Amino acid sequence: MSDDSLGFIFLNACIINNFVLSAFLGICPFLGVSSKFETASRMGLAVMFVMLVSSACAYFINSLLVALGMEFLRLICYIAVIASSVQLVEMVLKKYSPGLFRALGIFLPLITTNCAILGLALFQTFKGYNFLQCVAYALGAGSGFTLALVIMSGLREQLSLHDVPGIARGAGLTLMVAGILSLAFMGFAGLGS
């Protein structure tokens, strides 16, 4: 059982140990969907929702598995919950926002394989968080994921307006910007300790 405050857990997951820029989890959508601000922000919200649902379900599933002495099923159960949450998001987006559904393309169903979401469920289990701490952790991780996507999309949109040397265009420039962002976020390490 952790005795960290909810505010510190949120700040820790959002800024200090950002899943994308410090732990390097969820890099695929970070690089693949961050070319436009609108798409990146909505993808961040979709991932935040999946993280919140997965975190809450993972807490109750873990409690049940511990009570039954079947902790070895934890990973399979978490993957099933994450896949179900992603299916729910896909159905809602397809029904109410078909344009966004098409814009997210293959990256929407790939939320299922986003290692940041599975990492969230496993980290909260191993940290021994209670239910409210799990919710704060999921909201912080989702906010941090969205923040990283939004910052990256803003930078990429600005860079697309400038004359960049040919050798640095495309993936090379994107990876350089991601590295600089990661270095900047690592400056928060040790905050609150």
Side-chain angles (χ1 to χ4, degrees), residues 2 4-52 54-55 82 86 103-108 110-127 129 133-193:
S2 172
D4 293 335
S5 71
L6 297 179
F8 179 73
I9 290 171
F10 179 86
L11 188 66
N12 186 29
C14 183
I15 302 287
I16 301 169
N17 290 311
N18 185 290
F19 275 52
V20 177
L21 297 173
S22 295
F24 307 111
L25 296 173
I27 294 294
C28 295
F30 175 69
L31 296 176
V33 187
S34 62
S35 59
K36 292 182 180 175
F37 174 80
E38 186 177 341
T39 307
S41 60
R42 291 183 180 179
M43 177 64 150
L45 292 177
V47 169
M48 186 187 309
F49 176 77
V50 172
M51 281 183 163
L52 186 61
S54 301
S55 174
I82 291 168
V86 171
L104 292 176
I106 190 65
F107 291 102
L108 187 58
L110 283 179
I111 293 175
T112 304
T113 60
N114 188 336
C115 51
I117 298 171
L118 183 59
L120 171 84
L122 292 173
F123 291 162
Q124 76 178 21
T125 300
F126 294 125
K127 290 182 178 190
Y129 286 156
Q133 289 174 324
C134 289
V135 170
Y137 192 57
L139 288 174
S143 299
F145 188 87
T146 304
L147 179 68
L149 253 67
V150 165
I151 291 173
M152 186 66 168
S153 66
L155 290 171
R156 288 179 73 178
E157 282 187 355
Q158 286 295 315
L159 286 171
S160 69
L161 301 175
H162 297 282
D163 188 25
V164 178
I167 194 166
R169 286 189 194 139
L173 183 62
T174 302
L175 291 173
M176 283 188 275
V177 171
I180 293 169
L181 271 177
S182 179
L183 285 173
F185 268 72
M186 287 190 179
F188 294 114
L191 188 70
S193 61

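Here the structure is a predicted model, which is why all the values come from computation and not from measurement. In this chain, numbering begins with 1 at the start of the sequence shown.
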Just wondering, do Val47 and Ile111 contact through their side chains at under 4.5 Å, heavy atoms?
yes

Non-hydrogen side-chain atoms of Arg156 and Thr174 separated by less than 4.5 Å:
yes

Test of understanding: with ring-ring contact (aromatic ring centres under 6.0 Å, His included), list the residues that count as partners of Phe123, not counting sequence neighbours.
Phe19

Who passes ring-ring contact (aromatic ring centres under 6.0 Å, His included) against Phe185, sequence neighbours left out?
Phe188

Can you measure from CG (Leu181) to OG (Ser22) and round to the nearest 0.5 angstrom?
11.0 Å

Ile9, Leu52, Leu6 screened by side-chain contact (heavy atoms from CB on, under 4.5 Å) with Val135, the one that passes:
Leu52

Once you round to the nearest 0.5 Å, how far does CE of Met186 lie from CG of Asn17?
9.5 Å

What's the spacing between Ile151 CD1 and Leu21 CG if we round to 0.5 Å?
7.0 Å

Testing the basics here: between Glu157 and Lys36, what is the closest heavy-atom pair and its distance to 0.1 Å?
OE2-CA, 3.3 Å

Is Leu118 close to Leu25 at the side-chain level, that is, under 4.5 Å between some pair of heavy atoms?
no

Between Gln133 and Asp4 the two heavy atoms that sit nearest each other are NE2-O, 3.0 Å

Show the nearest heavy-atom pair for residues Gln124 and Ser55, with the distance to one decimal.
OE1-OG, 2.5 Å

Are Leu147 and Ile15 packed together at the side-chain level, in the sense that at least one heavy-atom pair is separated by less than 4.5 angstrom?
yes

For the atom pair CD1 (Ile16) and CG (Leu11), what is the distance rounded to the nearest 0.5 Å?
4.5 Å

In Å and rounded to the nearest 0.5 Å, what is the CG to CE distance from Leu149 to Met152?
9.0 Å

Looking only at heavy atoms, what is the nearest atom pair of Phe30 and Ala148, with distance?
CE1-O, 3.4 Å

Nearest heavy-atom contact between Ala116 and Asn114 is N-OD1, 2.9 Å

Identify the heavy atoms of Gly26 and Cys115 that sit nearest to each other, and give their distance.
N-SG, 3.4 Å

Ile82 side, atom CD1; Met51 side, atom CE - distance, nearest 0.5 Å:
9.0 Å

Checking the side chain of Ser182 only, and the main-chain atoms of Ala178 only, is there a donor and an acceptor separated by less than 3.5 Å?
no

Would you say the side chain of Ile27 lies within less than 4.5 Å of the side chain of Val20, judging by non-hydrogen atoms?
yes

